[in-house]
Structures are given as structure tokens and as C-alpha cells.
Amino acid sequence: MTLHVTLPDGSPLELDDGATVYDAAAAIGPRLAKAAIAGRVTGASDGDPKLVDVTAPLHDGDTLAIVTLKADDPESLEVLRHTASHVMAQAVLRLWPGAKYSIGPAIENGFYYDFQLPEPIVESDLARIEAEMQKIVAEDHATVRAELPVDEALATFGKGPAGAAGPAGPQPFKVELIEDLVSAAEAAGEPVPTISVYSQGEFTDLCRGPHLPSTGRLGKGTYKLTSIAGAYWRGDERNAMLTRIYGTIFPSKEELAAYLEALEMARQRDHRRLGRDLDLFSFHDEGPGFPFFHPKGMRLWNAMIDFWRAEHVAAGYDEVRTPQILRRELWERSGHWDNYKDNMYFTQIDGNPYAVKPMNCPGGLLVYKSRRRSYRDLPMRVAEVGQVHRHEMSGVLHGLFRVRYFTQDDAHIYCTPDQLEDEVRGVLHFMLHIYAAFGFSDVKIELSTRPEKSIGSDEMWERAEGVLARVLESEEIAYQLNPGDGAFYGPKIDFHIRDVMGRTWQCGTIQADFAMPERLDISYTGADNEEHRPVMIHRALLGSIERFMGILLEHYGGNLPTWLAPVQVLVLPIADRHAAYARDVARLFCGAAEAVGMSGGAPVWVEVDDSSESLGKRIREGQLQKVPYILVVGDREQKDRTVSVRERGVDKGDAPLECVVTDVMDEIRERRLLAAP
RNA sequence: GCCGGCGUAGCUCAGUCGGUAGAGCAGCCGCCUUGUAAGCGGCAGGUCGACGGUUCGAAUCCGCCCGCCGGCUCCA
């Protein structure tokens, strides 16, 4: 008997009956057989490829791809990391025999495993665990898959007749997982599945697989345990807190080293460090989660907002400003009291209950209601750079990324139902335009629908969700559906930008809302002289100005585009006798800025450092402060009316003063981005 | 909020066995007048996060509180 499989290039392969993935690899070549870690198999009858062990038998008609370990094959990395997590668990079980193990998946860049340990462990235990892992790797245990009926699987993990502890000892988390698999199958009306388990040496784990063929396949020096953390069983804070151990592993030592180096790079461009080093903002014990912006931070802030404001005027927006604290009764009417009060701060004025605003919309609605509105006024696009306060759990605060007060670049668009779709479309394009200006062109989009806690009728929600989906589809924009993740008053389109390090950040949002206009009873007079209910769009582009600033800082590693830099030009006189000329240079920049009326007369940020430090010292200081242009002036420059240009650390030599001023001013005015951040 | 770790000068960090603190950088003063990433010298700077306890004596040991860092999203 023979069986026939097809390889990825379409070529056929004939094998003996009962041949495995490994046999197929061996039939192709001995090197491939040695390198094979799994197979990607598509059965003759089913469509999706499945990842299987090298020991898995093949069937006639299968299409097979041999998986080898490659950094650019995410599935191969997953197999590697998943096996590493099992090896780690085995090591932990050896060191702490009473440990209960729960789950241990591969994650981006590594893996973790959650344990309930008989005693707390500390960072220094990681080295012991790594040492034990090394032994297990050296022992080179084969990973053996077994398919067990449910009762046998339960017995394996210590739940058997008369409480007999199975080979793995009592493992309550595994038992719970198996029982859940059974009840999930029953609920779906499917047959009770067999349970797959993997063993390597004395260690057995409930696992879907696949795994590396043996523990010896973890390369020496390719893995490292990175941290210990608490994690709730199944991510639910009502459950037991387990100990999670994180690790990372790569196909080669070099890739691990590169990853660790990248981590260090990320640490260097952490916005919290840059905020301090560049004197942009600070945090204080007196106000945890409440950032303080310094003068240079405000320069960056204002550069962002000046641009933002000019674009909004051009896009037909007006701007309002509403109070921080409003009567609690307003928040009860808007639905925030019922849906959001856990995140709100409350206070009293003259004995009456008030709340600090967590959102700008109710205040904005009061502005709308301050006079009668006509259909001729619509659509009304009303922006608000509004500071909101939200009570976040203390453990989640993180620099500018997660704070307790922040500033939304909010806007509310009031329109007729007929105008809604066009307005959403307009905001969508506006959003992408603004991101591009800051240097973000890779944007991920999600559509979030009705959450459990919400206001408004089913019909409203259906309409609103329909409009958002329709816009995305008509614009042919790929998006991911996020069911149940909408705001309590309406569905939303969320925008995630990807930074230079590949991380994504949620920034913008567009929310269609039929509920709030009804709640706060706003209306407009139609052409028919009747009162009608407008629809409103809530939207933010940057989301939180603070957060966006943090993202910008990390994206550019502090080397901001010149138009955003808090100090744009630094002039360094070589000796005291050049100080007057240095100040002339600075004045020329300021005069030029005034002449072109930049950003409503915003100054160019030029500084002269004529301190008595050595030139090398002052250059170093300017570089550390990430000033884009350092202009050195000495006898030669003064005589020729030139400056010696050092642009972002690169000495560009002498250039005529006027030309440099014009070039730099053009770069700022055009808000030019850097070639490569 | 929960789990783990941490908290010494503005920053980065030493500080042994419990005997009341030290460096570099930054700051200030002076000298140097500088040619593309740290010139030289001096001075000053600390209720050792807060409070309570143990002790003849606490930065050090114990308790509690505050803050910071990592994680709690990735699911056999």
C-alpha cells in the first residue's frame, strides 16, 4: 500500500502507508528530515491547513508542507515557544514538586506559563529554573502525543475514581480545562472529544500541540526567562492569582541577542525617560497619574495643537470650551451615572452633588441647546480640546499612556440622519490625513458594536452600526470587527496607528450616536417647520493629546521632526568674541519667522549657548537634547557671514547664513517629516 | 484593585554584621576662550519615601501607609 501527498510546489510524493510527516521529510532529503519540526497538512476533504507533529501519520491525498524553524515563519516560532513553555513548566515542577500548572501559551516574542506555587518566587529563581531547563534540554526527551478518552485524561491529572492521583498528581486547573472542553462540546451538540496530552520525560501536559520532536531541539543560548508577574486564573480578578513566568526564545542565539538589544533600545526611547531628559513633563507623588507639562513640553503640545486647530478650521469645524465640573444630575440624564460612575470623580458645591467630567459630550450638548437650531445650521461640527478626568485603577497608570486626566481632541458633529454617512466618511479621511502629517501611515481600523451596558433602542443601534459598516465598506477599508466593544451610547470605528517599532496604539475614534440627542432632548427645526432629532457623531483624532505625545516621542525616539521640536536651532559661538554674531544669527531666525507669519506668529525656537563650557561639551549637550540644527560660529563664519551646520548629529559644513535660515524655516513651515524616523 | 519587585542628593548608583551616609553626572563659584559628543579646580546638596515598632543605637530588622516599575490583553 502506498499513499500520495502533494508538496507545496505541486510535486507529488509517494510514501508507504502509515508514513509520517517525518518520513515525508526524510524522503525529500536527510537535511530536511533533521530540520523538520512540524508539518502543515491540508486533508483531501478539508480546506484549512493544520499544523501537526512530525510524528503525525499522513493520509492519501494530503497536501503537505514541512515546517522548519525560521524567524519569518510565525507558526514555526509558535511551536518553538510552546515547547519552551513546556520545558520551563517541567523545570518548575522539578524545583517545586507541589506546583500546580495551568496554561502556558506562546506569545508574541516569547512564552509564559502560569503556576500556583507552594511559595513565592523571586527574580533570582529564574536562573535556577533556566539551569534546570538546560538539563531537560540536554536529556533530550522526545515529546509524545497521546489521545485519551475524557475519563483517562481526568485521571492523568489527578481526578480519578476514589481520588486516585494520576501520574501528574492532582492538577485542578487541568481538570477544570478538560471539564470545560467537555461541556463546550456538549453545549455545541458535538460529540465529546478525545483529549490530547503531551509527555516529555516525567512531565505530562494537556495540550493541543504540535511540539518540537524533542526537548533537545531548544538551542543553547537561544532562550531566556525574562520576568515574573501575577496573573489571574483565566484573567478574571475574582479567581486565584497565579504566578506567571515569562520567557523568550528564538531560533538562534543571534536572534535572541537582537531581540534583547531591541528591548534595550525600546527602554532608551521610553517616553517617560525622554520626558525627563528633554525636560518636557514630570510626575509627582502629589498627583499620581496627573502629568505636569514643562515649558518645553508645552512647546511640543502647542505645535501639535496649532497644527490641529488650523486643520480643523479648514475642515469646517468651530471650537468650544466647556466646564470641568457639572451637576451630577446632568450625568444622570446623559447615562454616565449608570454606565460610567466607577470611573468618575465626584464633589460637592454648596452641598449639591457635582461630578468632574469624564467626557465632553454632555457639556457640548448644553452648548447646542443654548439656542434653537435650524436644519440650515447642520451639519454643525463643534470641536473641543477638552480635559477629562477618569479614575483608573492605580496599577494601570503608565507615563503619558495611561493617566487620570487627559485632553481629548474631541468634536461633536450634529447632523440630520441623511447627512450622517457623509459626515462619517469625511471624518475618516480627515483622520488619516492628520495621522500622515505626524508620520503615521500604517493605520489599523476596528468596528466595535453594542456592549452589554448601553443606552438606546435596538433599532438605533442597528442603524448606527449599519452606517459605520457601510462607510468602511464603500471606502474599501479593511477592518476588524470587535463585537460588544462599543461606547455605551453608540458603536464606533477605532483607529490604531502602528509606530516604528511595530506596536499599535489606539488613537482615533468615530462614534455614531442616536441615543444622547434623545437623552438630552436636542432638536432642530426642519424645512417643514417641525422639530426633528439630530444625530450626533463623537470623534477624536489623536485621542488623548498626552498619549499621542508619548507615542510621538517613542516613535521618533525623541528626534522629533523639526516642526515639533521644542528647541529647533541651537547656536554655539566658539569663543566669547563670537557671541554677538551668534545672537545675530538667532535674531535672523526670529525675524524670518515673523516675516512669514508662521503659525499665527509662533516663534522659532532658537537658543544661543554662550556658556563658558568647551565647544565639545556644548555640542554634546545639544545632541543629547536632540536639537535638530546646531549652528557653530567662529572667526571664519563671522567673517564670511556663514554658519557651520550640524544637522541631527551630522556635520554638514559651512553654509551661507541666509540660505540656512530659509531652508530651516521652509522645513518647519511645511511640517516636513524626517526621511527615516 | 490584585500579584511580584523596588524606593539612599535633581539623575544614575555604592553603603559589609544594626554603630545616624558616599561617588559620578547635573547645580553653584572661579579659572580656561575653546573648531564639532564630557577642559580644570573648588563649593554646596540627604528627616536614607511617610508613620509606627524592636533596640543602648535603625538607611539596615518588623508592621502599616504612600509612590514607582513589571504583569494581570495573547488561553490545552
Side-chain angles (χ1 to χ4, degrees), chain A residues 78 81-82 85-86 89 101-114 116-117 120-125 153 157 171 173-178 180-181 184 193 195-198 204-209 211 226-246 267 270 272-273 276-277 279 282-289 342 391-399 572-579 610-625 630-637 644-647 649-654:
Chain A
E78 203 178 315
R81 289 169 178 163
H82 198 165
S85 93
H86 277 213
Y101 47 113
S102 64
I103 55 166
I107 56 174
E108 201 180 348
N109 295 321
F111 58 89
Y112 67 79
Y113 214 113
D114 286 350
Q116 192 169 56
L117 296 169
I121 63 168
V122 294
E123 298 273 332
S124 55
D125 289 321
F157 295 104
Q171 292 296 338
F173 301 112
K174 297 295 172 189
V175 168
E176 187 176 327
L177 289 169
I178 295 168
D180 280 7
L181 283 175
I195 305 296
S196 61
V197 301
Y198 277 79
T204 299
D205 199 0
L206 173 68
C207 186
R208 182 166 45 200
H211 278 286
T226 49
S227 63
I228 300 171
Y232 300 106
W233 167 233
R234 305 196 133 181
D236 189 329
E237 63 184 6
R238 289 164 302 191
N239 289 339
M241 174 70 73
L242 306 177
T243 302
R244 175 170 297 179
I245 304 175
Y246 282 95
R267 213 173 63 80
D270 187 313
R272 292 168 298 186
R273 167 191 283 259
R276 192 188 60 227
D277 292 351
D279 197 14
S282 57
F283 287 88
H284 303 272
D285 288 359
E286 289 81 353
D342 289 348
H391 180 255
E392 302 289 352
M393 290 198 292
S394 60
V396 305
L397 302 178
H398 183 98
L572 301 181
I574 285 173
D576 286 352
R577 62 181 180 279
H578 311 117
D610 59 357
S611 64
S612 65
E613 300 291 353
S614 68
L615 180 65
K617 177 69 176 291
R618 284 176 290 155
I619 286 173
R620 178 180 149 84
E621 193 49 37
Q623 290 295 149
L624 291 174
Q625 288 296 307
I630 296 176
L631 308 180
V632 176
V633 296
D635 291 331
R636 201 173 65 227
E637 288 78 11
S644 173
V645 180
R646 189 182 169 98
E647 184 183 348
V650 181
D651 192 345
K652 295 284 172 90
D654 284 13

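We name chains A, B, ... by the order of the sequence lines, and we start the count at 1 in each one.
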Output one line per pair: protein atom, nucleotide atom from nucleotides 43-52 of chain B, and distance, for all N/O pairs under 3.5 Å.
none

Quickly work out the A:Asn109 CG to B:G71 P distance and round it to whole Å.
13 Å

What nucleic acid atoms does A:Arg577 come within less than 4.0 Å of, heavy atoms only: base, sugar-phosphate, or nothing?
sugar-phosphate

In whole Å, I'd like the distance from the CD atom of A:Glu392 to the P atom of B:C72.
16 Å

Is the shortest side-chain heavy-atom distance between A:His86 and A:His82 below 4.5 Å?
yes

Rounded to whole angstroms, how far apart are NE2 on A:His578 and P on B:U33?
13 Å

A:Ser85 side-chain N/O to A:Gly104 backbone N/O, donor-acceptor pair under 3.5 Å:
yes

Under 4.0 Å, heavy atoms only, any strand: does A:His398 hit a base, just the sugar-phosphate, or nothing?
sugar-phosphate

C1'-based separation of B:C6 from B:A44 [nearest Å]:
29 Å

Spacing between A:Ile630 atom CD1 and B:G35 atom C1', to the nearest angstrom
14 Å

For nucleotides 73-76 of chain B, tabulate all protein N/O to nucleotide N/O atom pairs closer than 3.5 Å, reporting atom names and distance.
unit_1	atom_1	unit_2	atom_2	d
B:U73	OP2	A:Gly235	O	3.1
B:A76	OP1	A:Arg208	NH2	3.2
B:A76	O3'	A:Leu206	O	2.7
B:A76	O2'	A:Leu206	O	2.7
B:A76	O2'	A:Cys207	N	2.9
B:A76	O2'	A:Arg208	N	2.8

What is the nucleic acid contact for A:Arg272, judged by heavy atoms within less than 4.0 Å: base, sugar-phosphate only, or nothing?
sugar-phosphate

State, yes or no, whether a side-chain contact exists between A:Leu206 and A:Ile195 at a heavy-atom distance under 4.5 Å.
yes

With a non-hydrogen cut-off below 4.0 angstrom, is A:Asp635 in contact with a base, only sugar-phosphate, or nothing?
base

Taking the nucleotide of RNA chain B with the nearest heavy atom to each, does A:Met241 or A:His284 sit closer to the 5' end?
A:Met241

Once side-chain contact (heavy atoms from CB on, under 4.5 Å) is applied, do any residues pair with A:Asp651, and if so which ones, sequence neighbours excluded?
A:Ser644

Could you measure between the two P atoms, the one in B:A50 and the one in B:G46, and give it in whole Å?
14 Å

Taking the side chain as C-beta and beyond, is there a heavy-atom pair between A:Leu631 and A:Leu572 under 4.5 Å?
no

Over how many whole Å does the gap from A:Phe111 atom CZ to B:G71 atom C1' extend?
16 Å

Please tabulate the protein-to-nucleotide N/O contacts below 3.5 Å involving nucleotides 37-40 of chain B, giving atom names and distances.
unit_1	atom_1	unit_2	atom_2	d
B:A37	N7	A:Arg646	NH2	3.3
B:A38	N7	A:Arg620	NH1	3.3
B:A38	N6	A:Arg620	NH2	2.8
B:A38	N1	A:Arg620	NH2	3.1
B:G39	OP2	A:Ser614	OG	2.4

Quantified in whole Å, what is the C1' atom distance between nucleotide B:C48 and nucleotide B:A14?
13 Å

List for me each residue that meets side-chain contact (heavy atoms from CB on, under 4.5 Å) alongside A:Ala229, sequence neighbours excluded, and say none if there are none.
A:Tyr246

Listed partners of A:Asp236 passing salt bridge (Lys or Arg N to Asp or Glu O under 4.0 Å), at least two apart:
A:Arg238

Just the rounded figure in Å: distance from P of B:C72 to CD1 of A:Ile245.
15 Å

Partner set under side chain to side chain donor-acceptor pair (under 3.5 Å) for A:Asp654, not counting sequence neighbours
A:Arg636

side-chain hydrogen bond (donor to acceptor under 3.5 Å, both in side chains) pairs touching residues 614-625 of chain A, sequence neighbours excluded, are A:Gln623-A:Arg646

side-chain contact (heavy atoms from CB on, under 4.5 Å) partners of A:Ser612, counting only residues at least two apart:
none

Heavy atoms, side chains only, cut-off 4.5 Å: are A:Thr204 and A:Lys174 in contact?
no

With side chains defined as the heavy atoms from C-beta onward, is the minimum distance between A:Asp125 and A:Ile245 less than 4.5 Å?
no

Distance col, row A:Asp205:CG vs A:Gln171:CD, nearest 0.5 angstrom, shows 8.5 Å

With A:Arg81 as the cation and A:Phe111 as the aromatic partner, state whether NZ or CZ is under 6.0 Å from the six-membered ring centre and within 45° of the axis.
no

Could you check how far CE of A:Met393 sits from P of B:C3, rounded to whole Å?
13 Å

A:Asp635: which residues meet the side chain to side chain donor-acceptor pair (under 3.5 Å) condition with it, sequence neighbours left out?
A:Arg577, A:His578

Taking atom C1' in both B:G24 and B:A9, compute the distance separating them and give it to the nearest angstrom.
12 Å

Given Watson-Crick or G-U pairs with both distances under 3.5 Å, what dot-bracket string fits RNA chain B, with | for other-strand pairs and [ ] for crossing?
(((((((..((((.....[..)))).(((((.......))))).....(.(((..]....))).))))))))....

Using the C1' atom as the reference point in each nucleotide, state the distance between B:U16 and B:G10 in Å, no decimals.
29 Å

Those residues at least two apart in sequence (or on a different chain) that pass side-chain contact (heavy atoms from CB on, under 4.5 Å) with A:Ser102 are A:Asp114, A:Phe173, A:Trp233, A:Leu242

Regarding A:Ala229, tell me which of base, sugar-phosphate or nothing describes its non-hydrogen contacts under 4.0 Å with the strands shown.
base

In this structure, how many angstroms lie between the C1' atom of B:G4 and the CG atom of A:Leu242, rounded?
13 Å

Nearest-angstrom distance, C1' atom, B:A38 to B:C11
16 Å

Using a heavy-atom cut-off of 4.0 Å across all strands, would you classify A:Gln116 as base, sugar-phosphate, or nothing?
nothing

Among the candidates B:U12, B:G1, B:U33, find the nucleotide nearest to the side-chain atoms of A:Arg276.
B:U12

If I pick the P atom on B:C62 and the same atom on B:U55, what distance separates them, to the nearest angstrom?
16 Å

Give me the distance, rounded to whole Å, that separates B:C56 from B:G15 when you measure between the P atoms they each carry.
28 Å

